[in-house]
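In this chain, numbering begins with 1 at the start of the sequence shown.
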Amino acid sequence: MSDESQELGITESKSHKPGEWYAEVVQKADLADYAPMGGFIVTKPRGYALWEAIQDALDGWFKETGVDNVYFPMFIPESYLEREKDIVEGFDPEVAWVTQGGHDELEERLAVRPTSESIIAPFMADWTRSHRDLPMRLNQWCSVVRWEATETKPFFRTKEFLWQEGHTAHASNEGAWEEVWTRLGQYERVYEDVLAIPVLRGKKPEHDKFPGADTTTTVEALMPDGKSVQGGTSHNLGQSFAEAFDITFADEDEEEQTAYTTSWGLSWRAIGALVMTHSDDQGLVLPPTVAPTQVAIVPIWQEDTKDDVLEYAEEIAEDLEDAGVRVELDDRDGRNPGFKFNEHELNGVPLRLEIGPHEVDDEEVTLVHRPDNAESVEDRDEIVDAVDEHLDDIFDKLYEAAEETLEDNVREAHSPEEILGTIGKHGGYVKTPWCGDEACEEVIKEKIAAEIVMQPLADEGGSTAGEVPEPEHDECGVCGDPADEIAYFAKSY
């Protein structure tokens, strides 16, 4: 193997050193690089394209369901933040503060937004007068800063990250709950239909919900290394924020009422989950839905066949482009076919088309799948339809593999020893009855750094939520006290 090939290829093992492997894939597949300040990253064009694919899908769904995009300042006056005490307490260790502008010390500290409830809510109050102004649905695409990240893992954990945050106000609790489920469903949809990652829907335990919220719901994705990723959260904030920021409205009887609010967000952590879930020791693996290049055409020629092969390949590339396929014709002279195969494999291109003189003579095309190198030969005249079918097959392969990982890694345990042993040996989710006491989580957390990542939801209708199925055992899997809840323990990112 040449030095250049070694530099191009992945040297770490996903199964043996997942952290090092992940960092190498992100850098060598040109998704991101490390910034000069610790805890920050530079997102490169191919990495940002993945975020744009997620953004495009979600933004369209948001707008279809009545959401308007807005933008609020990144700086929040300290006095605004303090109006909601739970926000202040919940984010205090993570807030970055601006105390000086130019040469002048500021009269009031400005927080670099860790989240925007405390600056958006006052304006929602100003803009809400009547029940006819509700529901109000606002969303912004922006970055936030949380100064708690000590160990940088690109996309998974950085001090600054990109996300969207939605903020809504409703005339009733039922309306707020409907909003919560709509957004949670859209997060589930983007993971499953766009990123090819199955998720579990649930709620966070009381002690781990969003500061000031009544209930925090979540979608959780299981990574191949057995850790869980909080994929997106949708919060019913009840009336706490509306009361703190005076979001009131006149109802149909001209009586003043306090609104109910929600907030919901998904960050570029989804890119981390995407890379970790599907990629392998050869590099990045992407579903066709988000791949910047869906098809790479690699012509293979000798000098006497070059013109015929290139002409044939160019015609196919043009047909695919006309059909809306994101295609790259790799006709570089200075690289041999093997190098091109490896490079496109490293970059996660889902489907490779190989075209040599035999394909030209037989009016065929050889197609190779990125995830498993499955190879087939298709007729030239049917190539557009065939490529569509193969891209669908590749998506299905990726989803089914991730689904099998999830299904195989949800286990039950009914004692601290069983919980610790199961997570220690297998990772994944461990399902157990729970008494609801945070102290029982600490018992597990202290010994193995696993926590309650979610509780399953049974009833998503009406104004009540957070109900969970009756546990099969009525004793807490940690302390043995009576239990009427179910908890899923896991290590997490």
With a 4.5 Å heavy-atom cut-off, do Leu320 and Leu353 have their side chains touching?
-> yes
Taking C-beta and beyond as the side chain, do Thr233 and Ser263 meet within less than 4.5 Å on heavy atoms?
-> no
With rounding to the nearest 0.5 Å, note down the distance linking NZ in Lys491 to CE in Met223.
-> 16.0 Å
Take atom CD in Glu382; do more than 12 heavy atoms of anything else shown fall under 6.0 Å from it?
-> no
Taking the six-membered ring for Trp and the single ring otherwise, decide whether the centroids of Trp163 and Phe155 are under 6.0 Å apart.
-> no
Exam field: side chain Thr217 to backbone Ser234, donor-acceptor pair closer than 3.5 Å = yes
Asn336 side chain to Gly338 main-chain N or O, any donor-acceptor pair under 3.5 Å?
-> yes
Any sub-3.5 Å donor-acceptor pair from Thr216's side-chain atoms to Lys209's backbone N or O?
-> no
With sequence neighbours left out, the residues meeting salt bridge (Lys or Arg N to Asp or Glu O under 4.0 Å) with Arg370 are Asp280
Of all heavy-atom pairs linking Asp208 and Ile452, the shortest is OD2-O, 4.4 Å
SB check Lys63 Asp59 (cutoff 4.0 Å) | yes
Just do the side-chain contact (heavy atoms from CB on, under 4.5 Å) check on Gln294 and Leu351 with the steps written out, would you?
-> CA-CA 6 Å; Gln294 295 171 308; Leu351 184 63; over 6 Å; no
Is there a donor-acceptor pair under 3.5 Å between the side chain of Gln455 and the backbone N or O of Ile486?
-> yes
Would you check if Ile300 and Val309 make a side-chain contact, meaning some heavy-atom pair closer than 4.5 Å?
-> no
Do Thr289 and Leu195 come within less than 4.5 Å of each other through their side chains, counting heavy atoms only?
-> no
Identify the two heavy atoms, one from Arg326 and one from Pro288, that lie closest to each other, and give their separation to 0.1 Å.
-> NH2-O, 3.0 Å
Side chain of Glu359, backbone of Gly356: donor and acceptor closer than 3.5 Å?
-> yes
Determine whether the side chains of Arg189 and Gln186 contain a donor N or O and an acceptor N or O closer than 3.5 Å.
-> no
Please lay out, stage by stage, how Thr262 and Glu179 fare under the test side-chain hydrogen bond (donor to acceptor under 3.5 Å, both in side chains).
-> CA-CA 7 Å; Thr262 78; Glu179 183 76 19; 4.8 Å; no
In Å and rounded to the nearest 0.5 Å, what is the OH to OG1 distance from Tyr34 to Thr152?
-> 7.0 Å
Consider only side-chain N and O atoms of His344 and Asp330, and report whether a donor and an acceptor are under 3.5 Å apart.
-> yes
Do Met37 and Glu160 touch side chain to side chain, with heavy atoms closer than 4.5 Å?
-> no
Do the side chain of Gln164 and the main chain of Gln55 share a donor and acceptor less than 3.5 angstrom apart?
-> no
Lys/Arg N to Asp/Glu carboxylate O, Glu343 vs Arg332, below 4.0 Å = yes
What's the spacing between Lys28 NZ and Asn347 CG if we round to 0.5 Å?
-> 12.0 Å
Identify whether the distance between the nearest side-chain nitrogen and carboxylate oxygen of Arg352 and Glu345 falls below 4.0 Å.
-> no
Between His390 and Glu378, do the side chains contain an N or O donor and an N or O acceptor separated by less than 3.5 Å?
-> yes
Side chain proximity check, Trp264 to Asn139, heavy atoms < 4.5 angstrom | yes
List the atom of Thr293, the atom of Val327, and the distance in Å for their closest heavy-atom pair.
-> CG2-C, 4.4 Å
Pair Arg380-Tyr312, side-chain contact (heavy atoms from CB on, under 4.5 Å): steps then yes or no = CA-CA 10 Å; Arg380 162 69 181 92; Tyr312 187 78; 3.2 Å; yes
What are the two closest non-hydrogen atoms of Val145 and Ala96, and how far apart are they?
-> CG1-CB, 4.1 Å
Could Lys44 and Asp30 be called an ion pair, given the rule that one side-chain N must be under 4.0 Å from one carboxylate O?
-> yes
Quick one: does Leu222's side chain get under 4.5 Å of Leu200's, heavy atoms only?
-> no
Distance from Asn409 atom CG to Ile423 atom CD1, nearest 0.5 Å?
-> 11.5 Å
Minimum side-chain heavy-atom gap His278-Ile197 below 4.5 Å = yes
Do other residues, nucleotides or ligands put more than 12 heavy atoms under 6.0 Å from the CD atom of Glu404?
-> no
Okay, side chain of Glu403, backbone of Pro198: is any donor-acceptor separation there less than 3.5 Å?
-> no
Parallel, tilted or perpendicular: rings of Tyr429 and Tyr488 (30°, 60°) | perpendicular
Which atoms form the tightest heavy-atom contact between Val194 and Phe395, and what is the distance?
-> O-CE1, 3.8 Å
Can you tell me if Tyr191 uses its side chain to pair, donor with acceptor, with the backbone of Ala221 under 3.5 Å?
-> no
Can Ser492 and Gln230 be counted as having a side-chain donor-acceptor contact under 3.5 angstrom?
-> no
When you look at Phe161 and Trp51, which way does the ring-ring contact (aromatic ring centres under 6.0 Å, His included) test go after all the steps?
-> CA-CA 11 Å; Phe161 55 89; Trp51 180 239; 9.7 Å; no
Take atom NE2 in His358; do more than 12 heavy atoms of anything else shown fall under 6.0 Å from it?
-> no
Salt bridge (Lys or Arg N to Asp or Glu O under 4.0 Å) partner of Glu220, chosen from Lys204, Arg201, Lys203 | Lys204
Heavy-atom neighbours of Glu315 CD exceed 12 at 6.0 Å = yes
Quick one: pull up CH2 in Trp301 and CG in Asp333 and give me the separation to the nearest 0.5 Å.
-> 5.0 Å
Taking all non-hydrogen atoms of both residues, which atom of Pro350 and which atom of Ile394 are closest, and how far apart?
-> O-CD1, 3.2 Å
Is a side-chain donor or acceptor of Arg183 paired with a backbone partner of Gly166 at a separation under 3.5 angstrom?
-> no
Could you walk me through whether Tyr22 and Asp225 pass the side-chain contact (heavy atoms from CB on, under 4.5 Å) check?
-> CA-CA 11 Å; Tyr22 174 85; Asp225 63 356; over 6 Å; no
Begin with the C-alpha distance, continue with both residues' side-chain angles, and end with the deciding distance and a verdict on side-chain contact (heavy atoms from CB on, under 4.5 Å) for Phe40 and Thr158.
-> CA-CA 6 Å; Phe40 294 82; Thr158 49; over 6 Å; no
Side-chain donor or acceptor of Lys14 paired with backbone N/O of Ser279 under 3.5 Å = yes
Reported CG-to-NZ distance for the pair Asp393 and Lys397, which is rounded to 0.5 angstrom = 7.0 Å
